[in-house]
Structure formats: structure tokens, C-alpha cells
Number of protein chains: 2
Amino acid sequence: MIRIMPNPPTSRDVARLAGVSQATVSYALTGRGTISAATRARVLQVAESVGYRPNLAARSMRTRRTGRLAVVSGPTLDHQLRVLAGAGEVATAAGYAVETRTVDGDVEERTARVRELAAAGQHEGVLTLVPVLADVLTDLGAAVADRAGESVVVAEATFDEHMRSAGDLADAGPVAVFVETLLAAGHRRFLHVAGPDQYVSARARRDAYLAAIDRAAADPATADVVSLGVVGGTWSPEDARLAVQALPDDAPPLAVVAANDLLAAGVLRGAAERGWSAPGDVVVTGWDAAAMGAYLTPSLTTVDVDFTEAGRRAMRRLVAAVRGEPAPRQDAAVQRIVWRESTGPLTVA
Amino acid sequence: MIRIMPNPPTSRDVARLAGVSQATVSYALTGRGTISAATRARVLQVAESVGYRPNLAARSMRTRRTGRLAVVSGPTLDHQLRVLAGAGEVATAAGYAVETRTVDGDVEERTARVRELAAAGQHEGVLTLVPVLADVLTDLGAAVADRAGESVVVAEATFDEHMRSAGDLADAGPVAVFVETLLAAGHRRFLHVAGPDQYVSARARRDAYLAAIDRAAADPATADVVSLGVVGGTWSPEDARLAVQALPDDAPPLAVVAANDLLAAGVLRGAAERGWSAPGDVVVTGWDAAAMGAYLTPSLTTVDVDFTEAGRRAMRRLVAAVRGEPAPRQDAAVQRIVWRESTGPLTVA
DNA sequence: CTGAAAGCGCTTACAG
DNA sequence: CTGAAAGCGCTTACAG
């Protein structure tokens, strides 16, 4: 295949046209050297007029920086597209190209793939949206020298459970609100349908559920609370449905805290199959504000998560890490409870 | 920030270690020159042992090929993550790095973004998953010379409505099956809730609906068919709900073909709000096999789409176009109807 | 079958 | 404040 085309202009072409040296063009564009305002203006004007675009490969070779970041996502959780969008926005604004890799399989396989990616050295940093084993993650506290040749690897959800803040995607704060509000509405019988243990968010929601139940039991006003336990452990709504099928006949009235909307839909379906009304016999909460949830009957109470913003934040952390800067603090909540019909009539603070 | 680290090995290092020239290393790795099997084996062994990885920036500068492709997605349609996964798989296997860009806004803005991306020359090809104006798309029939400096741009859904085949994501064949099967079950009153006109798939489904109704009207056995029209025109379930709200009281019994599952959920919700039973008074079909659809009551009849495979195919087309090869034919269906409760009891062929 | 040499387009000390 | 020159790590005619 022969491509007959004028080669795109180089910095050398711009230099000749502007009557300066190639070095001056570089200084004008990068803003690095010392250069007079007049010269710079002229160079930029010429560059603009000929449609000059720096050859990134050449720049990369010279600077020994690839200017590329990778984001690793899974193929299964659809909302990751929005996280990706937010991450891409920040990366592009920071001057990086962002590449997406999809990984599949269990946590060992995913971790292996991320490790290869980091070792390949094609990327200055890697952001993983899927759970991986903690040892591939870069120890940001360690000296930069210790990271010889490897990409910086940052996870969207950090595994340090003590660092959880309200600005974090894995913040399970809404669980306590769900339980407390339902307690106040008179509910005493609870069940949690959990997500996969590998997911920080799923673990956090489960732990928050258990803690909320413990607190309720310790409170004289709600000491008669009873938890029918924690079931599930996947993101599959079928497991949620089956869990409801497996409940004793006298389970209702029951309040179910599901780890996401899909599981909550499985709960509603299971309840309907048993002839239990919702929100009469069973109330249920979800998570993620899936678009369809608002159109179920009953519509699903859920947690609206700003996935795009979460993606931006995760990417800001990665960019900071790659540049050796301290991690930005960002504590404004990305999550907001949306009360709908599936929790029945309530008095919400 | 000072990075104290041994530089990663270069082809020169490998050459020295293997006792050959740098050219020989290159020939061994790319398999391009004439080189003895013994020498090649030795070079590859040395390269492997020192963990040599070619510097892609250097290679790119020399070959004048970036080795990068871009995929443009929107932030709103979640299933695009699966298309992305399939596209990425094929691109990676073909030796390309694939970058994701998210674009927002109306069709003009999206088209402008794709145009910039193509003009920037950082990518050998661009695959767009979102609808754009046809004139940014590369005319693959035209001589390569006409594409001077620009990336090849290919759309996941082609705008040439005549080229639609069963292997295409926009193939609307299932619509005819829906209408015909419901006619056979005795339904005579139909409604279509359409998606946005910009989307090839939405247009194809609407056209297929109208054609199926026309065919039914022309058939003496079903000449009493009546279409209550085409409503909607967005992907928002709220519009579907409102469309049902706006229907006359005597609309049922009614068969609704919705352009996707979310719209179908809106229809179900609207029907429930009017006290219409489903699938008694209203039957409805969706599209996309959204996970939650199987857990609605009634569960949603839909079209299961292999988005990952659709992504693979679209990327194969792009890779072929970038390499100047003819487009691969791929006609095996990626879509399959899943009959569920929302269409009521049926005799399905 | 193998090597010496040029050059892809940048950036950056360094000299002036 | 500006320019001449080197060099990043590859690939590829070309010579042997």
C-alpha cells in the first residue's frame, strides 16, 4: 500500500517558515526555555497557520515519558463506562492519552493481567476499576526509586478500609441511613443481600449492614431487631431471587438491604413469586440508581452514585501519583439516597 | 523528581549481549529481513532473558505508524462497555493500542469531536460507537491517497441502510418476528415506542415496525390490524411512560414494540399506573436483554444482543480498513429473541 | 546471511 | 534571548 501524501509539517518546517531555529520552536511550544514574547507569538502563529501538531512519538522518545495511562475495566459492570468517561476526561485534560483494557476472569487472572500491563512499561500509570490483589498496587509512600521501570498502579477502590471517606465510591454510609430510617418506620426484621466479597464496595456495604444491626440491637428502643442474615455474594439477581425463595414462610414483614439495584430487582421478583407484596410484606433498597429501577413497580429506593465524578477522582489520584505529587483530597459525597416506593411510606429526615 | 533506575534494555543491549548487530536484532524480532534460524533463536533467547521490550515510541517514529486506534463512545449507553471490550480484544490481538474517547452533546458536537480526533493524526483509525454525521466517515471505496494525513474513520453502525445484514447490530429482523408472532396470537392493536432517530438501530426498528404493520394490513387474514402509531424518540423511559399515559382509555388490548428494554420498562410502568394489566391488557417487547429485564414482573421479552461480538466485528472492519484490506464478511446473527412473560402465552415457531 | 550507517521528529544542555 | 548539535531507540535500504 503506497500512501501518496504530503508529510505533515514538523517543527523543522515551522522553524524555517518562522525564520528561527528548531530549538526556538520547541521553546515556544513547550514554554520551557527563555524566549521573547514577540518570537514566541510569531512561532505560534506560524505553527497554527500550517496546522502543526507535534509528533508525540518523537516527543515521547526524547522525554522518555510515554504520555499514556491505562484504565483496566471489567466487561460486566455496565456503570464502569461512566467511570471511564470521567477518568478519560481528567486524563485528557492533564495531557495523557488513556487506553482501556478489559480484563476478565477471577481475581488472580485479573491481577496477572494488570501486572503484565504495569511491567510492559508502555504506560506511566495504570488505574484499575476491577478488584485485584493488593500487591500489584503501587505503594505510594515508597521512594520513587523503588518503582524502577514499572508503571504506577492505582485502584479506583482502595483496599485500605480505614481510609474510607464520604467522597469515596465505596463509602457505605447510606446503608446506615437505610437501616435507621426503616427502623424508625417500625421495621424490625432485616436481611442483607451482599455482593461479591472481592469488591470493596460490597464488603463495605455488608460490614455497614452488620454494624447498623448491632447498633440497633444495643439500643433499648430497637433491641427487638432481628437480622435474618447475610445472603448472596455475587452480582447476579438470580442469586437474590433464590435467596428469597429459600426464606421461611414467616419471614415477612421483612426489610431487605440489597448491595445493588440488580440484586434488589431479584429480591422483588422472588417476593412476587412467593405472593409477598412490596412494599407491604417486603421492603427493599438497592444501589447505583440503575435507570430501570425507577420504572419497576414498586420503583426502587436506591443510592444515586455519580460514577463520572468517581472516575474523575480516581484519575486525579493516578495522575498525582504518576507525577509524584501528593494525592488530592476530595471528600464531597458522590452518593445520594433516592427514596422511592420500594421502601414504602417513610418519614425521611 | 529524580528517578534512579537502570534504564530498560534496548535493542542495542540485546545486540551486544547476543554478539550481533542491532539490525540483526530488529530482523529477528520483526521477522522481516533474511536471517538464519540459529541467529534468530539466539537473539530471541537473549531478548527474552533480559526482558527486552521494544520501545514503541521509537518504532513508531521510524515506521511512521502510531500503532494506535481510537474508539469513541458516549457516556450514556451502558452496553457500550461490552462493545468496547470486544473491540479492544480484536485491536490488541492485531497489535494495536486502543484508546477510548467519550464524547457528549448533540450529533454536530460529536461529529466535530470525531473530526478533530481524525485530523490529529495520533491514531491510524477511529471507530465510533455513537452516531455522527456521515461525512466524517471514511469512504472506504476511495483511493488511499485521498485520505492524506487523516485517520480512517469507521462507524460501528453503518449509515448505509441498504447494507444491513443479519450480522449487523442494527439488524431489525426481530421486529418482524415480534409483530408476526403477536398477530398469530390474536393481537391486532399495535404501538411502537421508538428510540432517537439519530441511531441507525432505532431507525431500523421503526422502519421494520411500519413495514410489518403494512404487510399485516395487506394480508386478508390480518387486515383488521391497527397501528396506534409511533411515539417516543428518545432512549428515556420517562417518555415511554408518558406516551402510555397519553393513550386513549380504549387503547387496550394493545401490543407495544419498544425500541429497547428501558423504554419497555417505561411502558410497563405507564400501563401499571393506568391500571392496565400486563400481559393481559398490554403486551410489550424490549431489546438489549438488560439484566434487570428478566426480573421485572412480568419479565421482559427482549432481544439478546451479543454486544461483545458486535464490538469485535466493528473492530475487524476498522483494522481491515486501516490496513487497506477488504472488509471481512460476517453474517452470523448477533441477535436472538428471548421470549418471556411480557408478551403473554404464545406459540413460538 | 549480517553489519555499518542514516534518519524518523523531537528536546535539551550548551555555547554564543 | 537564540541557535548548532547531540541523541532518544528503533527500522531499513544498502554494502559486503
Side-chain angles (χ1 to χ4, degrees), chain A residues 2-3 5-44 46-47 50-68 95 97 120-122 124 149, chain B residues 2-3 5-44 46-47 50-68 95 97 120-122 124 149:
Chain A
I2 299 166
R3 291 185 180 240
M5 55 172 79
N7 286 330
T10 69
S11 68
R12 202 176 157 162
D13 299 326
V14 174
R16 189 173 29 222
L17 261 38
V20 298
S21 76
Q22 211 180 356
T24 301
V25 173
S26 178
Y27 292 143
L29 261 73
T30 59
R32 238 178 286 266
T34 53
I35 198 179
S36 76
T39 307
R40 132 163 293 196
R42 185 156 41 93
V43 170
L44 291 180
V46 171
V50 298
Y52 170 70
R53 305 196 184 250
N55 178 318
L56 265 38
R59 174 179 288 174
S60 165
M61 186 157 57
R62 184 61 238 223
T63 59
R64 304 175 134 279
R65 295 177 54 250
T66 63
R68 292 161 64 194
Q122 302 300 336
E124 296 184 49
Chain B
I2 298 168
R3 291 185 180 241
M5 54 172 81
N7 287 332
T10 70
S11 67
R12 202 177 157 161
D13 297 329
V14 174
R16 188 172 31 222
L17 261 37
V20 298
S21 77
Q22 212 180 352
T24 301
V25 173
S26 178
Y27 292 142
L29 261 72
T30 60
R32 238 179 287 266
T34 53
I35 199 179
S36 75
T39 307
R40 131 162 295 196
R42 185 155 42 92
V43 169
L44 292 180
V46 171
V50 298
Y52 170 71
R53 305 197 184 248
N55 179 320
L56 264 38
R59 172 178 290 175
S60 165
M61 183 156 59
R62 185 60 238 226
T63 60
R64 301 172 136 280
R65 295 176 56 248
T66 63
R68 292 160 65 193
Q122 302 300 336
E124 297 184 48

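In what follows, every chain begins at residue 1, and chains take the letters A, B, ... in the order their sequences are listed.
Using a 4.0 Å heavy-atom criterion, one finds that B:Val25 contacts no nucleic acid atom at all. Counting any heavy atom pair closer than 4.0 Å across all strands shown, A:Ser60 reaches no nucleic acid atom. Contacts of B:Thr39 with the nucleic acid, taken as non-hydrogen atoms under 4.0 Å apart, involve only primed sugar atoms and P, OP1 or OP2. Residue B:Ser26 is classed as a base contact, given a heavy-atom separation below 4.0 Å to a base. Using a 4.0 Å heavy-atom distance criterion, A:Thr34 is classed as a base contact.
Closest to the side chain of A:Arg62, out of C:dG9, C:dA6, C:dG3, is C:dG9. Side-chain atoms of A:Met61 lie closest to C:dG9 of the nucleotides C:dG9, C:dT2, D:dA13. Considering only the side chain of A:Ser36, D:dC1 comes nearest among D:dC1, C:dC10, D:dT11. With C:dG3, D:dT2, C:dG9 as the choices, the nucleotide that has an atom nearest any side-chain atom of A:Thr24 turns out to be D:dT2. Here the side chain of B:Arg64 is nearest to one of C:dC8, C:dT11, D:dT12, namely C:dC8. The side chain of A:Asn55 has C:dG9 as its nearest neighbour among D:dA4, D:dA13, C:dG9. The side chain of B:Arg59 lies closest to D:dT11, out of D:dG9, D:dT11, D:dA4. Residue B:Thr63 places its side chain closer to D:dT12 than to any other of D:dG9, C:dT12, D:dT12.
Regarding A:Arg53, its CZ atom lies at a distance of 16 Å from the P atom of C:dG9, rounded to whole Å. One can place CZ of B:Arg16 at 16 Å from C1' of C:dG3, the figure rounded to the nearest angstrom. If you measure from atom CD1 of A:Ile35 to atom P of C:dT11, you get 12 Å, rounded to the nearest angstrom. Per the geometry, CZ belonging to B:Arg42 stands 14 Å off P belonging to C:dC1, to the nearest Å. To the nearest angstrom, P of C:dA13 lies 16 Å from CD of A:Gln22. One atom, OH of B:Tyr27, and another, P of D:dC10, lie 15 Å apart when rounded to the nearest Å. In this structure, A:Asp13 places its CG atom 11 Å from P of C:dC8, rounding to the nearest Å.
Along DNA chain C, the nucleotide nearest to B:Ala58 and the one nearest to B:Ala23 differ in position, and the one closer to the 5' end is contacted by B:Ala23.
Across all strands shown, C:dG16 forms a Watson-Crick or G-U wobble pair, both distances under 3.5 Å, with D:dC1.
Checking side-chain atoms of A:Arg42 against main-chain N and O of A:Ala18 turns up a donor-acceptor pair under 3.5 Å.
Nearest approach of B:Pro9 to B:Gly51, heavy atoms of both residues: CG-O, 4.0 Å. Minimum interatomic distance between B:Tyr27 and B:Ile35 (heavy atoms only, all atoms of both residues): CB-CD1, 4.1 Å. When every heavy atom of B:Met61 is checked against every heavy atom of A:Ala57, the shortest pair comes out as N-CB, 4.1 Å. Contact between B:Val43 and B:Ala28 at its shortest, heavy atoms only, is CG1-CB, 3.6 Å.
Under 3.5 Å, the side chains of B:Gln122 and B:Thr66 contain no donor-acceptor pair of N or O atoms.
Under 4.0 angstrom from either OP1 or OP2 of C:dC10 there lies at least one side-chain N or O belonging to A:Ser11. Applying the 4.0 Å criterion to OP1 and OP2 of C:dG9, one finds that A:Thr10 has every side-chain N and O outside that range.
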